[in-house]
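Structure, as C-alpha cells:
What you see is a predicted model; the values in this text were computed from it and never measured. Just so we're on the same page: letters track the sequence lines, and every chain starts at 1.
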Amino acid sequence: MFQLIATPSNALADEPVSIRATGLPPSQIVTIKATLKDEKENLFQSKAFYQANNAGEVDLEQASALGGDYVGVHPMGLFWSLKPRRVFQRLIKKDVNSPFCITLDLYDSVCLADSVPTLPKASQIVQRWFVGPGVQREQIREGRVRGTLFLPSGEGPFPGIIDLFGKIGGLIEFRAGLLASHGFAVLALAYFAYEDLPGKLVEKDLDYFEEAANFLLAHPKIQQPGIGVIGVCKGAEIALAMACYLKQVVATVWINGSSLILDFPLRYRDLVVTPAQMALEHSQVHVSGAMRFRYNIDDLWSKLNPQSILPVEKAQGRILFIVGENDGCVDSKIHAQRAMERLRSHRRSNGRMLSYPGAGHLIEPPYSPFCFASWNNELGNAVLWGGDPAAHTAAQEHSWREIRKFFRQHLPHSGSKL
Amino acid sequence: MAKLIATPLSALVDEPVHIRVTGLAPSQIVFLEASLKDERGILFSSQASYRASEVGDVDLERDSSLGGDYVGVHPMGLFWSLKPEKPFSRLAKRDVIDSPYRVHLKLQDQYSLLTGVDISPLDSLILERWYVAPDVTRIQVKEGRLRGALFLPPGEGPFPGVVDLFGATGGLTEFRASLLASHGFASFALAYMGYDDLPPQLERVDLEYFEEAVEFLLRHPKVLGPGVGLVSTCFGAEIGLSMAINLKQITAAVLINGPTFVTTVPHVYHGQVNQPVPYNIEFVTTNSLGLTEFYKVHEETVGKDSKYCLPIEKAQGQFLFVVGEDDKNQNSKVHVDQAIAQLTRSGKKNWMLLSYPGAGHVIEPPYAPLCPGSRMRFLAPYLSWGGEVLPHAAAQEHCWREIQKFLKKHLLPDLSCQL
C-alpha cells in the first residue's frame with residue numbers, strides 16, 4: 001500500500017522535514033510533487049523523480065532525484081525548488097498568524113505535466129509556520145514607530161533585534177517571527193510605504209530608526225543595554241548606518257547591501273550625508289527580461305564624495321556581513337570587502353564576512369523557494385536577484401545558523417532560553 | 001540637433017543595419033531603444049546606452065554600449081537582444097510575403113525604463129525588416145499529399161533546390177525558406193504535420209512523403225538538378241538525416257541541432273523500419289527560470305552506446321552539421337560527434353561540422369533574438385532552448401553565411417556560376 005510520510009508535518013518553516021515514500025513496487029520510478037497556494041491564490045509547484053529501492057522505498061534523506069526541479073540528494077529540495085506557475089512571482093508570507101500549507105503528492109510514474117490527469121497514490125499536507133508556539137505578536141504604533149513586535153514566551157528579558165527589509169517597502173514579518181521563535185525579541189520595522197509612513201523612500205532618517213531602537217530598549221521584556229539589527233538590501237545599508245551612528249546598536253547583520261549611502265541622503269540630527277548615485281545606464285537586462293542592476297562599481301567608488309562612505313570604524317558593536325557572490329542586484333561582495341578593509345585600516349576587528357559563491361540576493365531563512373527574479377510594480381519590470389539554486393539554498397541554511405549564533409554571542413542576555 | 005541615422009531603412013532581415021547618432025553634446029549619455037510588435041501583438045523591445053564622442057556622435061559600428069540589453073561593440077545588438085513583454089514568447093514571422101517587421105528605433109536622453117513616463121524621443125525612425133527580397137514569388141503547394149510553400153527567386157533560373165524542414169512544432173514555418181529564396185535558392189518549406197489536412201501528430205515518419213517532396217522539387221522547371229539540398233532543424237533534422245541516407249537525390253544536407261537517431265516515432269521507407277531509441281523521461285529537469293530541459297533523456301541509451309546512430313555512412317551526399325553546444329533540448333554535440341565518428345570509421349569525409357560554444361537549440365538566420373524557452377502548445381511545459389545571448393548571436397551570423405556557401409558549393413555545377 002502506497003504511503004507518503006513527512007515528519008514533522010507541522011513545524012517552523014526553517015526546520016527540515018523528512019520525507020519517505022513506502023509500499024512502492026521495487027525499482028519503480030515515482031514522482032513526488034509539492035504544491036502550495038500563497039495568500040493571493042498564486043500556485044507554486046515543484047516535483048522530483050525518484051527510483052524506489054528493492055524494498056519499494058524512497059527516502060529523500062538518501063535517495064538521489066533523477067530529474068525534475070532538482071537532481072541529486074536534497075532532502076528539502078521540494079521546498080526550495082518550488083516555482084510559481086506565473087513567472088516573476090515571489091513567495092512571501094504576509095500573514096504570519098497562519099502557516100503555508102504544502103501538499104505533497106506521490107505518483108507511481110513520471111509525471112511531467114503540471115496538471116496530472118490521475119489521482120496521486122498518496123498525499124500528505126505539511127504546515128510551515130513563521131511563528132513558534134507561545135510567540136506573541138503585537139502591532140506597534142508608538143510615536144513615529146510602525147511595525148510588529150514578536151516576543152518569545154516567558155518573562156524575559158530577551159535580546160532585542162530590529163528587522164529591516166529593503167526596497168520592497170511595507171512591512172515584512174516572516175523573518176522577525178522566525179527569529180522570535182528562536183528566543184529573540186524582534187521588531188519588524190517598516191520605514192516607508194506603510195500606514196502613515198512616507199509613501200516613497202526619499203531619505204533615510206536615522207532619527208526614526210533611533211526612535212525604534214529606544215522603543216525596544218525601553219520595553220520591559222527586552223534586555224539592556226544594546227540591541228541588534230538585521231537588514232537585507234536597502235535594509236542592510238540602513239542597518240550599517242545604524243551601527244555607525246547609534247551606540248544602542250551592538251550587533252549588526254548586513255545581508256547583500258551597500259556600505260555607501262546610495263541614491264537617497266542619510267539624515268541624523270544635524271548631519272546630512274549626500275548619497276552616491278548608481279548609474280542607471282550601466283544596468284543590464286537578463287535574457288528573461290529581468291533587470292540586472294549590479295554592475296562594476298570601481299569607477300563609482302573612485303569618483304564619489306568620501307562622505308558618502310559609511311564610517312564603519314565608528315561602529316561600537318560587531319558586524320556580520322553576509323554576501324551572495326551571484327547577487328544580481330548589487331555587488332555586495334565589493335561593498336562588504338571595502339567596509340572590512342576600512343575596519344582593518346582603522347585597526348578595528350569587529351567585522352566578519354561570510355561570502356557564499358553561487359548565492360544570490362535574496363538570502364532568507366532556509367528552504368525559502370529559490371527566486372531568480374520577481375516583478376516590481378514601481379519599476380514596471382522584473383528585478384534579477386541572481387544565484388544558483390543549490391548553492392543559494394546551502395547559503396541560506398548555513399547563514400541562518402550563523403546569524404542566530406552571532407546574535408546569541410553578541411547581544412546581551414541573561415539566562416533566557418535560546 | 002540630435003539626429004538618428006540608420007541605413008538601410010528597408011532591408012532583408014538578415015542584412016545588417018548601420019546605426020549612428022549625430023548632433024549630441026560631447027560625452028552625452030544617450031539611450032537607444034528598439035521595439036516591434038509581432039503578429040500576435042506582443043511587444044518586443046531592447047535598449048542600450050552609449051556615451052557620445054568628443055564631437056557628439058555615436059556609431060554602433062565603433063562604440064561600446066555601456067549597459068542595457070547588451071554591453072560592448074555590437075552593431076546589431078538592438079535586434080538580437082529584443083525581448084518580449086510576455087516572458088518566453090518566441091519571435092517567429094508567419095506572413096513572410098506581404099509584410100515586414102516594422103522596427104521602431106528611438107533615441108532618448110533619459111532612462112525611460114524606470115521613469116514610467118512616456119517621454120518624447122530626441123529622434124526616431126522606423127525600419128522595415130523583410131523576409132523576402134523584391135520579386136521572390138511564393139507558391140502554395142498542394143500536390144498529391146504534399147503541403148507547403150515553394151519560394152522562387154526572381155528570374156528564369158534554374159535555381160538550386162532546397163527542402164526546408166522545421167521541427168516538432170508542426171505547422172508551416174516559412175521564414176527561412178523565403179530568405180533562402182532571397183539568396184538564390186528555390187526553397188520548398190515543407191509541412192509534415194499539424195498543417196492543413198496533414199495529421200496533427202505523426203505516428204511514423206513516412207520517408208516516401210519526403211521523397212515525393214524531393215521529386216516534386218526536381219520536376220519543377222525552375223529547379224536545377226540533379227540533386228537538391230536540405231536545411232533542417234531538430235526533429236526536421238532527424239527526418240533530414242533519414243532522407244539523406246535513403247534518397248540519393250539529397251546532395252547536400254544541413255542538419256541543425258538534430259538527433260542522429262530515431263527519437264519519438266519509427267521511420268519507415270519501403271518496408272524498412274527504424275524503431276525509436278528508448279529514453280528515460282525521468283531525466284528531464286526544470287531550471288531556475290522554470291524552463292524544462294530535455295537534453296538528458298537519451299543519456300543511458302545513446303549517451304552510452306553509439307549503436308543507435310542511424311546508418312549515416314550510407315548517405316551519398318554531403319553533410320553540414322550545425323551544433324549549439326549549449327543546447328538544452330537535445331544533446332546535440334554528443335549525438336553529432338557519434339555520427340561523425342561513424343562516418344570516419346567508414347572512411348567517409350563527406351561532412352563538415354560547425355560547433356558553437358554558448359549557442360543554443362534555436363539557431364536561426366542572423367539577428368533573430370535569442371529565445372531562452374517557449375512552449376509549443378498551450379498547456380505544455382515551457383521548453384528550455386539554451387544558449388547565451390552573445391555567443392548565440394555570433395553563431396547565427398556565422399553559420400548563415402556558411403550554410404549558403406555549403407549549399408552553393410555542392411548544388412551548383414561550378415563556382416563560376418553566379419547567382
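- Heavy-atom pairs under 4.5 Å with chain B were tallied for A:Pro84, A:Ala65, A:Gly68; the largest tally goes to A:Gly68.
- Each of B:Val71, B:Asn287, B:Leu66 has some count of heavy-atom pairs under 4.5 Å with chain A, and the biggest count is that of B:Leu66.
- The two residues B:Phe294 and A:Leu112 come nearest to each other via the heavy atoms CZ-CD1, 3.8 Å.
- Atoms CD and CG, on A:Gln284 and B:Asp69 in that order, are 9.5 Å from each other to the nearest 0.5 Å.
- Between the CD1 atom in B:Ile281 and the OG1 atom in A:Thr31 there is a gap of 10.5 Å [rounded to 0.5 Å].
- A heavy-atom distance below 4.5 Å is not found between the side chains of B:Glu388 and A:Val287.
- B:Ser49 contributes a side-chain N or O that, together with a main-chain N or O of A:Glu281, makes up a donor-acceptor pair within less than 3.5 Å.
- Residue A:Phe192 places its CZ atom among more than 12 non-hydrogen atoms of other residues, nucleotides or ligands, all under 6.0 Å distant.
- Neither the backbone nor the side chain of B:Phe44 has a heavy atom closer than 4.5 Å to any heavy atom of chain A.
- Heavy-atom neighbours of A:Asn54 CG from other residues, nucleotides or ligands within 6.0 Å: at or below the threshold of 12.
- For the atom pair NZ (A:Lys83) and OG (B:Ser288), the distance works out to 7.0 Å, reported to the nearest 0.5 Å.
- Using a 4.5 Å cut-off between heavy atoms, A:Tyr50 makes no contact with chain B at all.
- Interface with chain A: from residues 80-88 of chain B, residues B:Lys83, B:Pro87, B:Phe88 qualify, criterion being any non-hydrogen pair under 4.5 Å.
- The contact between B:Val389 and chain A is made entirely by side chain atoms (from C-beta outward), counting heavy-atom distances below 4.5 Å.
- B:Leu289 touches chain A through backbone and side chain together, each having a heavy atom under 4.5 Å away.
- Across every non-hydrogen atom of A:Phe49 and B:Val284, the tightest pair is CE1-O, 3.7 Å.
- Taking CD of B:Glu282 as the reference point, atom SG of A:Cys111 lies at 12.0 Å (rounded to 0.5 Å).
- Heavy atoms from other residues, nucleotides or ligands lying under 6.0 Å from CZ of A:Arg86 number 12 at most.
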